[in-house]
Structure formats: C-alpha cells, structure tokens
Asks: 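Pasting a structure below so you can have a look.
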Amino acid sequence: MTIDTAKLDNSVRVRFPPSPTGDPHIGLVRSALFNYAFARHYGGKLVLRIEDTDAARNTEASYRAILDTLRWAGIEWDEGPEVGGEYGPYRQSERGEIYADLAAQLRESGKAYPCYCTAAELDAARERAKAEKRAPGYEGTCRNLTAEQIAAYEAEGRTHVLRFRMPENRTIAWDDVVRGEISFESANVPDYVLVRADGSPLYTLVNPVDDALMGITHVLRGEDLLSSTPRQIPLHETLVELGVSKQVPQFGHLPFVLGEGNKKLSKRDPEASFSYYPRTGYLPEGLINYLALLGWSLGNDEEIFGIDEMVAAFDGTRISANPARFDPKKCEAVNGVHLRKLETEDLAKRILPFLDREGLLLGGAEGHLANDEEWRTLVAAVPLIRERMTVLSEAIGMLGFLYTGDGSDARHAFQLNEDDAAKVLTADAWPVLAAATAALDSLAEDAWTTSAIDEALRTALIEGLGLKPKNAFTPVRVAVTGRRVSPPLFESIELLGRERTLARLRAADAKARAAA
RNA sequence: GGCCCCUUCGUCUAGCGGCCUAGGACACCGCCCUUUCAAGGCGGCGGCGCGGGUUCGAAUCCCGUAGGGGCUACCA
C-alpha cells in the first residue's frame, strides 16, 4: 500500500457512514474505530454520516443505538449528528435537494442518462446473459436513446431511472491503502442506477456525492465494497470536473471480520451484536483493543494497548488484507487484562450497575446505586475478585453472597448453590462445620480479621481435625459463600461479618446433620 | 458463470530475500505457586496450501494451480 503523503496532515478527512438498520453490528464498531484512529493519527477529522436513504429499512431506534454505541466505545466524531459541522446536514434523509440537484447536473452533462428498461426486461436480459455464460450486468440498452425514443417511452407511460454512464475501454485502477494496486476493466463494470424511478437517490449516488461534498480524503471501508469502487471512481472524477469537489479520495478496503465457519459474522452469532458486550460486562478498553487486533497490529509483540496508543501508531500502513476470524475467547482474555489494570474504585464503579441489575443492592441516597456500607464492601472485595474475572457480569456470581441477607430486610435471602451444596454438605461435613463454627464463634467481634480467621480455622480444622486444607475449607466455603468457587475464604468471611458467617455455618451444619 | 479480493500454528498475527532451527498472543496440555477458582511463573503441542520458476540464498519476488470469500439490485 501507499498513502498519498501530500494529504497526510491535518487536512485528512475520513468518514464513517452507517445505515441505521437493525442492531449495531460489531463490525461496525471496528470500522468506525479504524477510521477514528486514522483521522486522529493525522490530526484530521472524522465525519459521522447517517446513510438513511432506504426509508423502508431505517429505524430511529437503530440510529440512536449507533450513536450510543460509538460513544460507549469512546469513538468521538468531529462532524455529524448532534455535533454539527459545516458540511451538514449529516443525515442523508435531510439532503434530498442536494442529490436532486447533483442528479440533474449529471444528466445535463450527459454523464448520466435515463433508462426506461422495465424490471421484467432487465430480468430477461440477465437470464439470457447467464444462459450464454456472459457477465449478467446491464447491457447499456438505453445508453444512447434519441429524443424521439425518449418521447415515445414517456408517451407509453414508462418511468425511468437515472444511470451513470461508465467510461468505455478504460482500466480503472487505484492504489488501495490496504491492498496496493487494484484494477478493473470498465467493460466489466456496467452502467449503474443512481436514482430510482420514483426520483429517490440510491446509495450509489449519495455515498460518493457526500464523500465529495464533505471533502473526504480517505475512504476506509469494508472489503464488501471493493467492487463498488471502480464505479465510484469515475463518478468522483466527474464530480471533480463538475467543480463539486477537488479530489478523488484514496480508498482502502478493510478485511472482513468472520464468525464461526468462514462467513461474515452474522446476526445469528451472539457475539456479532454490539449490545452483547456492554451487557456482558466488557470494558470499552477491552473491546476496542481486541477489535484493533482484527486486521491490524502494532508491529511488535505488544497486543495490549489503549486507544491512544493505537492512534499514535495507526498510520494506515499496517492494516492486514486478509479476513480475520472473531475469537470470543481471545476477546475475553484481552478484556480481562484491561479489567485487571483498573484502579480498585474504578472497577468497583463499573461493577455496581451489574449488582444493581440483579437486585442485590439496597441502594443509597440521592439515586446512588449502593449505600455506604455496600460501597465499602465492594471496594474491599474488588481486589479479591479482580484476578478472577474477565467480564464485569462475573462479579455477580462472585460477590452475590456478600449482598444477601437472611430474608429479614429488602435484600435477597442467601441461597446455597444446590449442586455444590449437594456435593459438599454431605453427612461427613458436619464435624468440619461444627468445628469451624465453634472456632469462629470464639473470635470476638473486634478480632474478626482475615489473619485471625485464618489462624482460627487452621488451628481447628487442619491441626485439630487433621484435615487437608482442601477438605477442611471447601465445606466452610460452600456454607459461607454458597459455592465451591469463591473469592479467598478468610477475606470473604471477614467481609461477610461475624453474624452472617456464623448464621450460615450453623444453617449448613444443620443441613449436613440432617443428611447424616 | 463473469469480475475482484484473500492464503504463515486451531485462531489473531510478526515476518517485507540471508537476523527463520519461522517470533508473539489466545486456546489447549503439563509442572510450579496455592484454602477453591483465578491470576502469575516455567515448559510443551502446533504453521509458511500445492507446483513451477527467479536467486548463491525465498515464508518473503514472479507464474500457475487449488481452496476460501466478496460483488454481480430501482439494498447499503
């Protein structure tokens, strides 16, 4: 690849043009990220433009979701909806007059022409071409209609679309930012429709037109649009001739993000939908980092980095051309690394909404999710679980035992995990539980510290009963936390407090005795 | 079918003619640490699609071939 260095300064203008249809896809975020990083790297601008010319498929909900998604990811746009800019409006549905005007200019200049072919005629031609093993594109039937023919069609009541007149006998080539030299023969690129019969403009017109009008210098987009580039370049060239814009942008085609199998990540894959990530408790830092790795790398062996480091290094030269498979495991692992790097209070703040979502918090004054005690507990617990989680939602299972009571207040009542209890709180567990209860009961409230708890339990169970640590502590762990897997036991017991700990131990003891 | 793109461990990648006995990360497997689970440390498994060239020398360049993918709409 080569990048036109003349343009590599603060005049770089890139754009991200989503169509607001359906739930934002994870590929959308990556595409936005690459454009963002490219713009920032060169001190240029990122334009967010909403491509909502397909009225039948666009939804306001999807539009909102796209803005929310970008904001969550920390991808800020310099121009676009809710931000403004001198090239607005930035929703194509509000730019109808501009397109109508350009379409008229294109037609007047002869660069585009009316086509009166009916759908049936085009279908027939396509079938014929297929049968004869020729390329199935539009054959240029209406390319050179005379005024009389047009009048005749009009008299017949036929409607027309507007087609772009592709240049003849030309090699259309460009130096792709990602792939280097790419070329198509114009003979293989049929004249294409710019404006529907009802007068509404198509993507084929509005996308290049807006790129031109908005002064876009670099178009970084998905590989699926590679084959639309040879038809857009001649259009861009005529827009320059028409004085609408100053340059044909440079193009770069990003590799696909693939899902299971070898197909594009589809809506079916749960990890394809962006909303899965915030909901599951991925950090923006983690997702962004992983996404950056899909088709790009720092070039050294560093794989963990923040968006600012990406921006610093993202000059467009290291984008890979081959499709990348989305690996949920690695995404999670990368997220885990970022999670572990967070300051305790920061991580606690991010966990809070997840505990709240499960109804585990009584809540505090003034709309705080947690009351003071709940917050203090969380801040104390975070260091215990930080290294045991990769996504925030895991905190729910690990900390739930701290945020449950005996059923006497608004909190959920503590519950044992049935499986774990059945396996561990068996007949032979009661002596262990009884000994643990006695040992802890002898600890005064003001002696209720991790080290004292540690010592008391070791003395009673390891030395006293001669148990292996695993056999000694597992029943206690299940009794107190409800599960076989928990944060470190002694710290957990300290955080839980004397009263709740002893109550849970006694309840478990009783349960085990009942089994005996 | 036509046009176009892609091809290094299972996955993401480093590699741009000698530094490659192909490096890293995730995953997987062992060991260590250890009150569970993790995290961490150490080690292991595992790859240049194939065939021809070019060259003293090729994962790197060229050609072919195979495989994968995209486009082929009055969707974007």
Side-chain angles (χ1 to χ4, degrees), chain A residues 17-19 21 51-54 56-58 115 117 119 122 126 129-138 159-163 176 178-179 182-185 187-190 192-198 200-204 206-207 222-230 253 255-256 258 262-264 290 293-304 318 320-334 336-337 340 384-390 394 398 420 424 454 457-458 461-462 468-474 476-478 481 483-490 492:
Chain A
S19 291
T21 58
E51 307 229 325
D52 52 356
T53 52
D54 187 356
R57 298 186 359 185
N58 299 313
C115 167
C117 294
L122 294 173
R126 227 188 321 273
K130 266 192 163 171
E132 294 167 21
K133 296 194 189 300
R134 290 175 297 132
Y138 180 70
T159 57
H160 70 271
V161 298
L162 187 68
R163 276 185 196 275
D176 197 276
V178 177
R179 290 149 213 274
I182 295 180
S183 66
F184 287 75
E185 289 308 316
N188 292 321
V189 187
Y192 57 95
V193 179
L194 297 169
V195 179
R196 294 184 178 92
D198 68 3
S200 62
L202 283 162
Y203 160 83
T204 51
V206 300
N207 179 277
E223 183 183 348
D224 48 336
L225 291 167
L226 186 63
S227 45
S228 79
T229 300
H253 297 272
F256 284 125
L258 307 174
N262 247 345
K263 298 168 284 34
K264 283 179 73 174
Y290 179 66
L293 255 16
L294 255 24
W296 184 74
S297 67
L298 239 29
N300 49 30
D301 287 337
E302 288 298 316
E303 288 199 317
I304 300 299
R318 303 193 52 81
S320 160
N322 43 328
R325 183 97 105 255
F326 189 95
D327 182 354
K329 285 260 187 53
K330 178 144 185 176
C331 184
E332 215 181 284
V334 169
V337 175
R340 268 166 251 134
L384 307 179
I385 62 169
R386 176 188 276 127
E387 284 167 0
R388 284 161 235 270
M389 55 196 287
T390 55
E394 288 172 301
M398 281 186 288
D420 290 349
V424 175
D454 183 338
L457 288 177
R458 275 182 204 283
L461 308 180
I462 311 290
K468 286 182 184 165
K470 184 175 182 173
N471 297 329
F473 299 130
T474 300
V476 178
R477 186 185 302 283
V478 172
T481 71
R483 313 170 150 223
R484 276 187 295 177
V485 173
S486 80
L489 220 213
F490 314 128
S492 294

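By convention in this document, chain letters (A, B, ...) are assigned in the order of the sequence lines, proteins followed by strands, and residues within each chain are numbered from 1.
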Asks: Contact class for Ser183(A) (heavy atom, under 4.0 Å): base, sugar-phosphate, or nothing?
Replies: sugar-phosphate
Asks: Hey, does Leu226(A) reach any base, or is it just sugar-phosphate, or nothing, if we go heavy atoms under 4.0 Å?
Replies: sugar-phosphate
Asks: Side chain of Leu225(A) only, please: which of A76(B), G24(B), A39(B) is the nearest?
Replies: A76(B)
Asks: Using a 4.0 Å heavy-atom cut-off across all strands, classify Arg483(A) as base, sugar-phosphate, or nothing.
Replies: nothing
Asks: Classify Phe490(A) by what it touches in the nucleic acid, base, sugar-phosphate, or nothing, heavy-atom distance under 4.0 Å.
Replies: base
Asks: Which is true for Ala197(A) with a 4.0 Å heavy-atom rule: it touches a base, it touches only sugar-phosphate, or it touches nothing?
Replies: base
Asks: Which nucleotide, if any, forms a Watson-Crick or G-U wobble pair with U7(B), using both distances under 3.5 Å?
Replies: A66(B)
Asks: For Glu387(A) and U34(B), what is the distance between atoms CD and P respectively, to the nearest whole Å?
Replies: 16 Å
Asks: Look at all strands and tell whether Pro17(A) reaches a base, only sugar-phosphate, or nothing, counting heavy atoms closer than 4.0 Å.
Replies: nothing
Asks: Tell me if the side-chain of Arg388(A) makes a donor-acceptor pair with the base of U36(B), cut-off 3.5 Å, by modelled atom types.
Replies: yes
Asks: Send over the distance from Leu298(A) CG to U13(B) P, rounded to a whole Å.
Replies: 14 Å
Asks: Side chains of Pro255(A) and Arg179(A): does their closest heavy-atom pair fall under 4.5 Å?
Replies: yes
Asks: Report which part of the nucleic acid Arg57(A) touches: base, sugar-phosphate, or nothing (heavy-atom distance under 4.0 Å, all strands).
Replies: base
Asks: Which base, if any, makes a Watson-Crick or G-U wobble pair with U35(B), both distances under 3.5 Å?
Replies: none
Asks: Is there a side-chain contact between Thr53(A) and Leu202(A) (heavy atoms, below 4.5 Å)?
Replies: no
Asks: How close or far is atom P of U72(B) from atom CG of Leu122(A), stated in whole angstroms?
Replies: 15 Å
Asks: Remember a base hit wins even if backbone is also touched, and classify Thr390(A) as base, sugar-phosphate or nothing at under 4.0 Å, heavy atoms.
Replies: nothing
Asks: Can you work out whether Arg318(A) or Phe473(A) has the more 5'-proximal nearest nucleotide on RNA chain B?
Replies: Arg318(A)
Asks: C1' atom, A39(B) versus C26(B): distance in rounded Å?
Replies: 16 Å
Asks: Looking for any heavy atom pair under 4.0 Å, which part of the strands does Gly222(A) touch: base, sugar-phosphate only, or nothing?
Replies: nothing
Asks: Are Thr481(A) and Arg477(A) linked by a side-chain donor-acceptor pair shorter than 3.5 Å?
Replies: no
Asks: On RNA chain B, does the nearest nucleotide to Asn188(A) precede the nearest nucleotide to Met389(A) from the 5' side, or the other way round? Give the residue.
Replies: Asn188(A)
Asks: Do any N or O atoms from the side chain of Asp176(A) and from the backbone of His253(A) form a donor-acceptor pair under 3.5 angstrom?
Replies: yes
Asks: U11(B) and G69(B): how far apart are their P atoms, nearest whole angstrom?
Replies: 14 Å
Asks: Using a heavy-atom cut-off of under 4.0 Å over every strand shown, decide if Thr474(A) touches base, sugar-phosphate, or nothing.
Replies: nothing
Asks: Can you find an N or O donor on one side and an acceptor on the other, under 3.5 Å apart, linking the side chain of Arg477(A) with the base of U35(B)?
Replies: yes
Asks: Base, sugar-phosphate, or nothing: which does Pro487(A) touch, judged by heavy atoms less than 4.0 Å apart?
Replies: base
Asks: Between G24(B) and G47(B), how far apart are the two C1' atoms, rounded to whole Å?
Replies: 14 Å
Asks: Taking atom C1' in both G68(B) and G49(B), what distance in whole Å separates the two?
Replies: 11 Å
Asks: So for Glu303(A) and G24(B), does any side-chain atom that can act as donor or acceptor lie under 3.5 Å from a complementary atom in the base?
Replies: yes
Asks: Determine the contact category for Glu51(A): base if any of its heavy atoms lies under 4.0 Å from a base atom, sugar-phosphate if only primed atoms, P, OP1 or OP2 are that close, otherwise nothing.
Replies: sugar-phosphate
Asks: Rounding to an integer number of angstrom, what distance separates C16(B) and A73(B) when you compare their P atoms?
Replies: 42 Å
Asks: Would you indicate whether the side-chain heavy atoms of Tyr203(A) and Ser19(A) approach each other to under 4.5 Å?
Replies: no
Asks: Report which part of the nucleic acid Gly336(A) touches: base, sugar-phosphate, or nothing (heavy-atom distance under 4.0 Å, all strands).
Replies: nothing
Asks: Now, which nucleotide makes the Watson-Crick or G-U wobble pair with A73(B), with each of the two distances under 3.5 Å?
Replies: none
Asks: Mark yes or no for a side-chain to base donor-acceptor pair under 3.5 Å between Lys330(A) and A27(B), with no hydrogen or angle criteria applied.
Replies: no
Asks: What integer number of Å spans the C1' atoms of G10(B) and C4(B)?
Replies: 29 Å
Asks: Indicate the atoms forming the closest heavy-atom contact of Asn58(A) with Thr21(A), along with that distance.
Replies: OD1-CG2, 3.6 Å
Asks: With rounding to whole Å, what would you report as the distance between C5(B) and G46(B) at their P atoms?
Replies: 36 Å
Asks: Reckon Val193(A) touches a base, only the sugar-phosphate, or nothing at all at heavy-atom distances under 4.0 Å?
Replies: sugar-phosphate
Asks: Expressed in whole Å, how much space separates the C1' atoms belonging to U21(B) and C48(B)?
Replies: 14 Å
